[in-house]
There are 2 protein chains.
Amino acid sequence: MTNATTFHSEQGHDSDVQLWTRMTSCCTVIENELRTRLRNEFGTTLPHFEMMAQLAGAPEGLKMSELSRRMRVTNGNITGITDQLEKEGLVERSKLATDRRTSVIKLTINGRQAFSRMSKAHEQWLHDIFSRSPQQKRSSLYKNLGVIKSMLKAQLHNKPA
Amino acid sequence: MTNATTFHSEQGHDSDVQLWTRMTSCCTVIENELRTRLRNEFGTTLPHFEMMAQLAGAPEGLKMSELSRRMRVTNGNITGITDQLEKEGLVERSKLATDRRTSVIKLTINGRQAFSRMSKAHEQWLHDIFSRSPQQKRSSLYKNLGVIKSMLKAQLHNKPA
DNA sequence: TATTGTTATACTCTATAACTATA
DNA sequence: TATAGTTATAGAGTATAACAATA
């Protein structure tokens, strides 16, 4: 992710730019922090972690095209991430009898254990970051982001927001 | 930027993970949109645009180390971006008499004009994205992100949030 | 010694497009 | 024809580290 701008305009939409600046700035800082910690403490990356998180929430496994849709990256990249995680023994491919084109990806036992450790830390990091903000403000933030999210969903393509 | 997770935990900090998921998801979608538009309509990239935005807000110019700090990337990358923008005639380096190590970067006239066009579009895109959300909610979102921002500032290093 | 900026390099992440195999 | 996944490739974006010039 990249950063903020401080430019001032003449169109009267300054507040939109400022909102975006603040959003992306907060996200960049947090994401950099998470990325660094995942690398230093677990030797992994954000996309690898996120694929595992998707799979942890789907014990029956996910098709690669579904992972592609959810993670908003193209098929080729899912192949690459899957290859690496499979080599590490964290996920496994299996074939569907009903459609031999399709691969279903699941966490292995090892993958599930590894993800469990990582996600505990990840959750704690986020708690450390957010818990200094009053619960009421966090809740309001969550709700208002939900409004943005549903607008984006309606507005831009058919990607999940 | 990367994407969301939907994992559920046992530590009771689920809401922190959900907040982060929603934040980063919204940011990813918007950022991808801005990146695509900057490339398609202006043949530029987000970091290039953002450096120009920083310089547009500082008519007296900025030191490269200051750009590095503001954009949260290392010096070497600022050198690279500056080289490219300079080659396009959009920025110029100048030397300080008081410290001959330092380079001060400014937008050229062309750079200022180019940025003016781009930032008008950029502002309009953001307005299109955000304006469907009620003003009151956007304002609340902005304020609550401000709380996060100042906490991050206090918490993580000395980087500007 | 510390700081500013440069250079060289390598890696992660991503998109595009051509491909294979199935449907 | 359309879809699922693979492969190859190119480029963006970034960090690390060694370096030169200056403070």
Would you compute the distance between atom [atom1] of [X] and atom [atom2] of [Y] and round it to the nearest 0.5 angstrom?
| X | Y | atom1 | atom2 | answer |
| --- | --- | --- | --- | --- |
| A:Thr79 | A:Glu86 | OG1 | CD | 10.5 Å |
| A:Trp20 | B:His122 | CH2 | NE2 | 7.5 Å |
| A:Met64 | A:Arg101 | CE | CZ | 14.5 Å |

Candidate list A:Gln113, A:Lys120, A:Arg112, A:Met118, test side-chain contact (heavy atoms from CB on, under 4.5 Å), partner A:Ser116, passing option | A:Lys120
In whole Å, I'd like the distance from the [atom1] atom of [X] to the [atom2] atom of [N].
| X | N | atom1 | atom2 | value |
| --- | --- | --- | --- | --- |
| B:Leu96 | C:dT4 | CG | P | 12 Å |
| A:Asn75 | C:dA21 | CG | P | 17 Å |
| A:Glu50 | C:dT14 | CD | C1' | 14 Å |
| A:Ile81 | C:dC11 | CD1 | C1' | 14 Å |
| B:Glu31 | C:dC13 | CD | P | 15 Å |
| A:Ile78 | D:dT6 | CD1 | P | 10 Å |
| A:Arg101 | D:dA2 | CZ | P | 13 Å |
| A:Arg39 | D:dT14 | CZ | C1' | 10 Å |

Choosing from [options], which nucleotide comes nearest the side chain of [X]?
| X | options | value |
| --- | --- | --- |
| B:Ser65 | C:dT14, C:dT4, D:dA23 | C:dT4 |
| A:Thr74 | D:dT22, C:dT16, D:dA15 | C:dT16 |
| B:Asp99 | D:dA4, D:dA23, C:dT12 | D:dA23 |
| A:His48 | D:dT14, C:dC13, D:dT6 | C:dC13 |
| A:Met64 | D:dG13, C:dG5, D:dG5 | D:dG5 |
| B:Thr102 | D:dA23, C:dG5, D:dT6 | C:dG5 |
| B:Thr79 | C:dA15, C:dT6, D:dT6 | C:dT6 |

Among A:Trp125, A:Phe115, A:Phe42, the one residue meeting ring-ring contact (aromatic ring centres under 6.0 Å, His included) with A:Phe49 | A:Phe115
Are OP1 or OP2 of C:dT6 and a side-chain N or O of B:Arg93 less than 4.0 angstrom apart?
-> yes
Is there a side-chain polar atom (N or O) of A:Arg100 under 4.0 Å from OP1 or OP2 of C:dA23?
-> yes
